[in-house]
Amino acid sequence: MTSIESQFVKKNVPRLLRRYEISYCKEDDCVEYFVTNKSTHEQISYALIFSLNRHSKEIHVSKFCPRLHKEERSKYLSAACFYLLIHHFGNIFHLSKGHSIGLETRRATYDAFFGQLKDFDLKNKGLRWEKNVSVLGEYPPIDVDTSMIQKETMGNEEVPFQV
């Protein structure tokens, strides 16, 4: 893996991590992430769920609702969060070149958010159903420190997924 980091990442990931803790729980090929405010210990995120389709070699972003946009001085923090989570997920499963990132979202969300993520080549592949579009891009396997993302445990057992 290469170790290329953009100026955006160097500036905004530390901003994110000064204010929030990120944890996860894993079940088979699915990982749910949690973003928690460090000072209030309040969980900010609503649903951050990624899964691995081993057959198609795709990271499927099932849900991405970090809700950071509702926080004060949060510009770019959702993008920094997405960057960290994608690379953490890739690290968990030891993913390499040849994997892709896929998701479905509203066209407006793609235009305002996913299409603006310069560290990923996420393209609108067209209308999926209703107002949603299919988005696909290549997973860029780079060496990113994600050790600050802690595994959620309850005693010796993993925390079950929230519904």
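Below, all heavy atoms of this structure are taken into account, side chains as well, without hydrogens, waters or symmetry copies. FYI, the numbering just counts along the sequence from 1. It should be emphasised that the depicted structure is a prediction, and the values quoted were computed from it without experimental measurement.
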I need the [X] [atom1] to [Y] [atom2] distance, nearest 0.5 Å.
X	Y	atom1	atom2	answer
Met148	His88	CE	NE2	9.0 Å
Arg67	Ser78	CZ	OG	11.5 Å
Lys57	Leu52	NZ	CG	10.5 Å
Leu103	Ile59	CG	CD1	11.0 Å
Lys26	Glu32	NZ	CD	14.0 Å
Tyr110	Leu117	OH	CG	9.5 Å

Practice item. Using modelled atom types only, decide if a donor and an acceptor are shared between the side chain of Asp119 and the backbone of Tyr83 within a distance under 3.5 Å. Key: no
Point to revise | Donor-acceptor contact present, side-chain Asp28 to main-chain Cys30, <3.5 Å | key: no
Which pair of non-hydrogen atoms, one from [X] and one from [Y], has the smallest distance, and what is that distance?
X	Y	answer
Phe34	Ser45	CA-OG, 3.5 Å
Asn91	Val144	ND2-O, 3.3 Å
Leu68	Ile44	CD2-CG2, 4.2 Å
Arg18	Lys38	O-CD, 3.5 Å
Glu58	His99	N-CD2, 4.5 Å
Lys75	Arg15	O-NH1, 2.9 Å

Exercise for review: Before giving the answer on side-chain contact (heavy atoms from CB on, under 4.5 Å), spell out for Thr36 and Tyr20 the whole-Å C-alpha distance, their side-chain angles and the decisive distance to 0.1 Å.
Suggested key: CA-CA 5 Å; Thr36 306; Tyr20 304 99; over 6 Å; no
Exercise for review: Determine, using ring centers only, whether Tyr33 and Phe50 are less than 6.0 Å apart.
Suggested key: yes
Check your understanding: Going through the distances and angles, do Val61 and Leu85 end up as a side-chain contact (heavy atoms from CB on, under 4.5 Å)?
Key -> CA-CA 10 Å; Val61 181; Leu85 299 187; over 6 Å; no
Practice item. Go through the steps for Ser23 and Gln150 under the test side chain to side chain donor-acceptor pair (under 3.5 Å), then give the verdict. Key: CA-CA 5 Å; Ser23 59; Gln150 298 296 309; over 6 Å; no
With a 4.5 Å cut-off on side-chain heavy atoms, are [Y] and [X] touching?
X	Y	answer
Phe64	Phe114	yes
Lys118	Phe8	no
Asn124	Arg107	yes
Asn53	His60	no
Ile92	Tyr24	yes
Ile49	Val31	no
Tyr76	Lys11	no
Leu84	Leu17	yes

Check your understanding: Any side-chain donor paired with an acceptor under 3.5 Å for Ser100 and Glu138?
Key -> no
Review point. Will you find, in the side chains of Asp29 and Ser51, an N or O donor that is under 3.5 Å from an N or O acceptor?
Key: no
Practice item. Treating Ile, Leu, Val, Met, Phe, Trp and Tyr as nodes and any side-chain heavy-atom pair under 4.5 angstrom as an edge, say whether Leu136 and Phe89 lie in one connected cluster. Key: no
Practice item. Hey, can you tell me if Phe82 and Phe113 have their rings parallel, tilted or perpendicular (30° and 60° cut-offs)? Key: perpendicular
Review point. Going through the distances and angles, do Tyr139 and His87 end up as a side-chain contact (heavy atoms from CB on, under 4.5 Å)?
Key: CA-CA 9 Å; Tyr139 166 68; His87 290 295; 4.0 Å; yes
Practice item. Would you sort out whether Cys81 and Val35 count as a side-chain contact (heavy atoms from CB on, under 4.5 Å), showing the intermediate values? Key: CA-CA 9 Å; Cys81 183; Val35 177; 4.0 Å; yes
